[in-house]
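Atoms within each ligand, like the ligands themselves, are counted from 1 in listed order. This is a predicted model, so every value here is computed, not measured.
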Amino acid sequence: MRIAVLGTGIMGAPMARNLASAGHEVRAWNRTAAKAEGLGASVAGTPREAVEGAEVVITMLADGPTVAAVMDDVTLPDGVVWWQASTIGVEWPAKFAPHVDGPVMGTRKPAEDGKLTVLASGPGRERLGEVFAPVSAKVIDLGDEIGAGQRMKLVGNAWVLGLVEALAETIALAEQLDVDPRAFLSMIEGGLMDTPYARLKGEPMIAREFPPSFPLVLAAKDAGLISDAAPDLPLPRLIRQQMLKVVEAGYGDEDLSATIRALWQEPS
Ligand SMILES: NC(=O)c1ccc[n+]([C@@H]2O[C@H](COP(=O)([O-])OP(=O)(O)OC[C@H]3O[C@@H](n4cnc5c(N)ncnc54)[C@H](OP(=O)(O)O)[C@@H]3O)[C@@H](O)[C@H]2O)c1
C-alpha cells in the first residue's frame with residue numbers, strides 16, 4: 001500500500017521503517033527532516049506532499065494541537081484512511097475528520113520490534129490489517145466510535161505513569177534510608193509485587209541515566225490529558241506536577257523515568 005507517515009520521532013520512525021520493510025511504499029514527513037531519512041521511505045518536504053497519492057495516512061505526532069496544525073495543511077481525498085496514532089486525549093478526536101483513532105501501547109523497543117498494541121476504533125480500521133501487521137503484536141478492536149481508542153489509552157497510561165511515579169518514590173526512599181535500591185528490586189523479584197517495569201525503569205533511576213524511550217515532556221502531557229478527563233483523580237495531577245518540575249529544569253527530552261529528579265535534594 002502507499003502509506004504516508006507524518007511524524008518520525010521515537011515512535012513514528014521505527015513504524016515507518018517496519019512498514020517499508022514489509023513492502024509498503026512509504027513516504028515520510030517530519031518537521032526535523034533528518035529524522036525521516038534512512039528509514040526505507042521517501043522523504044517529503046511538506047505534509048501535503050507526503051499525503052499525495054497515499055491510500056493510508058498515519059499521524060504519529062506529539063499531541064492534539066500538533067496533529068491539528070500538521071493536518072491543517074492536508075486535504076484527504078475520499079477513500080483515504082487516516083490512522084491517527086498519536087496520544088491526544090478525549091477532546092481532540094471529535095475535532096478531526098473521520099479517522100481511525102488508534103493510539104498505541106508500547107514504547108521505543110516494541111516500536112522497533114514491530115510489537116506495539118494498537119487500540120483501534122473508528123471507521124476504516126477493518127482496512128488497516130496490512131498496515132497494523134508489521135508494526136504491532138496485538139490490535140484491540142474498540143468499535144466504531146472515534147475516541148474509544150484514546151479513552152483506553154488514557155486508562156493504560158494512568159497505570160504506567162502511576163507505576164513509574166511509585167517506583168521513583170520507592171527508589172528515592174530507599175536511597176534516603178540508606179537501603180540499596182537494587183536490593184529492593186531483588187526483594188520483589190519473582191513475587192506477586194514484581195513487574196518487569198520495575199527493573200526496566202528502576203535501573204535507569206538508580207544509574208541516574210535517562211536515555212529516552214518515552215520523553216518526559218510527553219508523559220507530563222499524558223498526565224495532563226488524564227487529569228483533564230478525570231479532574232477528581234489526585235494522582236495524575238500530582239504526577240504531572242512532579243514531571244513538570246523536571247521538564248522546567250530542562251530535562252523534558254529525557255525518559256519519563258527522569259521524574260525521579262524531582263525527588264532528589266539537588267534536582268539535577
Ligand atoms: N515514546 C513512547 O513510549 C510512546 C508510547 C506510546 C505513545 N506515544 C505517543 O506517540 C506520539 C509520538 O511520541 P514519540 O515518543 O515518538 O515522541 P517524539 O520522538 O518526541 O516525536 C514527536 C513528533 O512530533 C513532532 N512535533 C512536535 N512538535 C511539533 C510541531 N509543533 N510541529 C510539527 N511536528 C511536531 C516531532 O517533530 P521533530 O522531530 O521535528 O521534533 C516528532 O515527529 C505522542 O503522542 C506520544 O505521547 C509515545
Are [X] and [Y] close enough for a salt bridge, meaning some N to O gap below 4.0 Å?
X	Y	answer
D222	K153	no
R17	E37	no
E254	R261	yes
R182	E203	yes
K201	D255	yes
D194	R199	yes

Should [X] and [Y] be counted in the same cluster of Ile, Leu, Val, Met, Phe, Trp and Tyr side chains packed under 4.5 Å apart?
X	Y	value
W159	L218	yes
L119	V100	no
M60	V131	yes

Near [X], which atoms of ligand 1 are under 4.0 Å from a heavy atom of that residue?
X	result
G9	16 (O), 19 (O), 21 (O), 43 (O)
T87	7 (C), 9 (C), 45 (O), 47 (O)
K153	6 (C), 7 (C)
S86	45 (O)
T107	2 (C), 3 (O)
G7	43 (O)
K35	38 (P), 39 (O), 41 (O)
T8	43 (O)

So, is L61 polar-close to ligand 1, with some N/O to N/O distance under 3.5 Å?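 Yes.
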For [atom], what's the nearest protein heavy atom and its distance?
atom	result
atom 10 (O) of ligand 1	M60 CE, 3.3 Å
atom 48 (C) of ligand 1	M11 CG, 3.6 Å
atom 40 (O) of ligand 1	T32 OG1, 2.5 Å
atom 22 (C) of ligand 1	A62 N, 4.0 Å
atom 36 (C) of ligand 1	N30 OD1, 4.3 Å
atom 20 (O) of ligand 1	L218 CD1, 3.9 Å

If the plane angle is over 60° it's perpendicular, under 30° parallel, otherwise tilted; pick one for W82 and F96.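 W82 and F96: tilted rings.
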Verify whether one side chain among T66 and D63 offers a donor that lies under 3.5 Å from an acceptor in the other.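 Per modelled atom types, T66 and D63 side chains form a pair under 3.5 Å.
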Name the option, out of [options], that contains the heavy atom nearest to [atom].
atom	options	answer
atom 2 (C) of ligand 1	G156, G252, S213	S213
atom 35 (C) of ligand 1	I10, V160, T66	T66
atom 31 (N) of ligand 1	R108, K109, R31	R31

Is there a heavy atom of [X] sitting under 4.0 angstrom from any atom of ligand 1?
X	result
K221	yes
G106	yes
A69	no

Test log, rule side-chain hydrogen bond (donor to acceptor under 3.5 Å, both in side chains), inputs T59 and Q84: CA-CA 5 Å; T59 43; Q84 203 308 100; 2.9 Å; yes
Less than 4.5 Å apart, side chain to side chain, heavy atoms only: is that true for Q150 and S121?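 Not touching, per the 4.5 Å side-chain cut-off.
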